[in-house]
Amino acid sequence: MSLEVLKEALSAIAQGVSMTLFLISVTAVVGVVLSTLLAATKRSGYRLLRVLVVCYVELIRNTPFLVQLFFIYFGLPALGIRLDPVYAALLAMILNVTAYTTEIIGAGLDAVPSGQWDAFQALGLRKHIGFLKVILPQALIVIYPALASQIIIMMLESAVVSQIAVRELTHMAELWQSKTYRAFEAYSVVAVIYLLMAISMRRFLVAIGRRFISADIT
């Protein structure tokens with residue numbers, strides 16, 4: 001392998017890592033916020049909203065991520081909605097991770113003793129204030145390990161979006177190996193990078209959990 005090709009490969013891998021981190025960062029933040037809203041909605045007294053949330057969660061959890069991605073990128077144009085590959089990837093990833101984390105956060109809310117719900121209402125706190133300051137922090141301590149694991153899983157599954165030519169890590173590796181015909185080297189390097197990213201992300205989430213919500217994961 002020439003030095004020039006090696007430089008191009010390293011540059012491509014760096015671009016891929018950058019795009020992968022961008023995708024998972026946006027997905028994690030937006031997904032957790034949306035899933036918190038949906039989990040709270042599911043516990044509300046509005047039957048229609050609760051049914052809609054359940055239908056959405058079941059639809060996403062029981063269909064392959066690749067099919068969801070293809071529907072958004074290749075299917076929506078039939079309805080006049082054409083998205084850039086990056087936006088299509090983000091939408092698919094957010095929809096997917098939100099469904100799973102809605103269930104995780106919902107389980108955390110169910111684990112909070114019912115007396116806590118009654119207590120903040122007895123104190124005269126408004127529902128949304130009591131939910132954010134009393135209920136949600138207790139739920140997060142319980143479900144934080146599962147929430148962190150789901151985000152890491154989504155980071156690894158983001159390789160699927162290479163199928164619509166999003167220039168993330170796996171796609172850049174595909175371009176590299178198609179140019180050099182060195183598939184073993186290309187995918188070995190990518191596997192090691194995913195491993196390092198997963199370990200680093202877990203350590204980052206451990207630090208965040210300990211710092212802000214007194215939660216711990218191993």
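Remember, it's a predicted structure, so these values are computed and weren't measured experimentally.
Considering CG of L76 and CZ of F71, their distance stands at 5.0 Å, rounded to 0.5 Å. The line from OG1 of T180 to CD of E185 is 7.0 Å long, rounded to the nearest 0.5 Å. If you take OG on S200 and CE on M155, they are separated by 8.5 Å, rounding to the nearest 0.5 Å. The distance from the CZ atom of R82 to the CD1 atom of I72 is 14.5 Å, given to the nearest 0.5 Å. A distance of 6.5 Å separates OG in S158 from CE in M154, rounded to the nearest 0.5 Å.
Taking each heavy atom of I105 and A39 in turn, the nearest pair found is CG2-CB, 3.8 Å. Nearest heavy-atom pair across I104 and I143 is O-CG2, 3.2 Å. Of all heavy-atom pairs spanning I24 and I151, the tightest one is CD1-O, 3.6 Å. Taking both residues in full, the closest heavy atoms of A186 and W176 are given as CA-CZ3, 3.4 Å, listed atom of the first, atom of the second, then distance. Pairing each heavy atom of V112 with each of A139, the nearest pair is CG2-N, 3.9 Å. A pairwise comparison of heavy atoms in V190 and A173 identifies CG2-CB, 3.1 Å as the closest pair.
Between the side chain of E168 and the backbone N or O of H171 there is at least one donor-acceptor pair closer than 3.5 Å. The backbone N or O of L205 sits less than 3.5 Å from a side-chain atom of Y144, completing a donor-acceptor pair. Using modelled atom types, no side-chain atom of T98 and backbone atom of L95 make a donor-acceptor pair closer than 3.5 Å. Formation of a donor-acceptor pair under 3.5 Å by the S18 side chain with backbone atoms of A14 is not found in this model. The main-chain N or O of A92 is never found under 3.5 Å from a side-chain atom of N96 such that the two would form a donor-acceptor pair.
Taking 4.5 Å as the limit, every side-chain heavy atom of Y46 sits out of range of all side-chain heavy atoms of L52. Residues M197 and L21 form a side-chain contact, since some pair of their non-hydrogen atoms from C-beta on lies under 4.5 Å apart. Counting heavy atoms from C-beta on, the side chains of R43 and D110 come closer than 4.5 Å. Using a 4.5 Å heavy-atom threshold, the side chains of L140 and L147 count as touching. At a threshold of 4.5 Å between non-hydrogen side-chain atoms, the residues F65 and M93 count as touching. Counting heavy atoms from C-beta outward, S149 and R202 have side chains that approach closer than 4.5 Å. Residues S11 and Q15 meet the side-chain proximity criterion, which asks for heavy atoms closer than 4.5 Å.
Using a 4.5 Å cut-off between side-chain heavy atoms of Ile, Leu, Val, Met, Phe, Trp and Tyr, with links allowed through other members, Y100 and L136 fall into different hydrophobic clusters. Transitive grouping of hydrophobic side chains (ILVMFWY, heavy atoms separated by less than 4.5 Å) brings L156 and F22 into a common cluster. Using a 4.5 Å cut-off between side-chain heavy atoms of Ile, Leu, Val, Met, Phe, Trp and Tyr, with links allowed through other members, F74 and V86 fall into the same hydrophobic cluster. When the side chains of ILVMFWY residues are joined at heavy-atom separations under 4.5 Å, either directly or via intervening members, F70 and L59 end up in two distinct hydrophobic clusters. There is a path of hydrophobic side-chain contacts, each under 4.5 Å, that joins I152 to I208.
Side-chain contact, Q68 with T63: a donor N or O sits under 3.5 Å from an acceptor N or O. A donor-acceptor pair shorter than 3.5 Å cannot be found between the side chains of S35 and T102.
By the 4.0 Å N-to-carboxylate-O rule, E103 lies close enough to K42 to be salt-bridged with it.
Between L69 and the options L91, V166, I164, a side chain to side chain contact (heavy atoms under 4.5 Å, CB included) holds for only I164.
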**Derivation of the side chain to side chain donor-acceptor pair (under 3.5 Å) call for T20 and Y194** = CA-CA 10 Å; T20 297; Y194 273 118; 4.7 Å; no

**Request:** Output, in order, the C-alpha distance, side-chain angles, deciding distance and verdict of side chain to side chain contact (heavy atoms under 4.5 Å, CB included) for R61 and Y56.
**Result:** CA-CA 9 Å; R61 292 180 65 189; Y56 157 69; over 6 Å; no

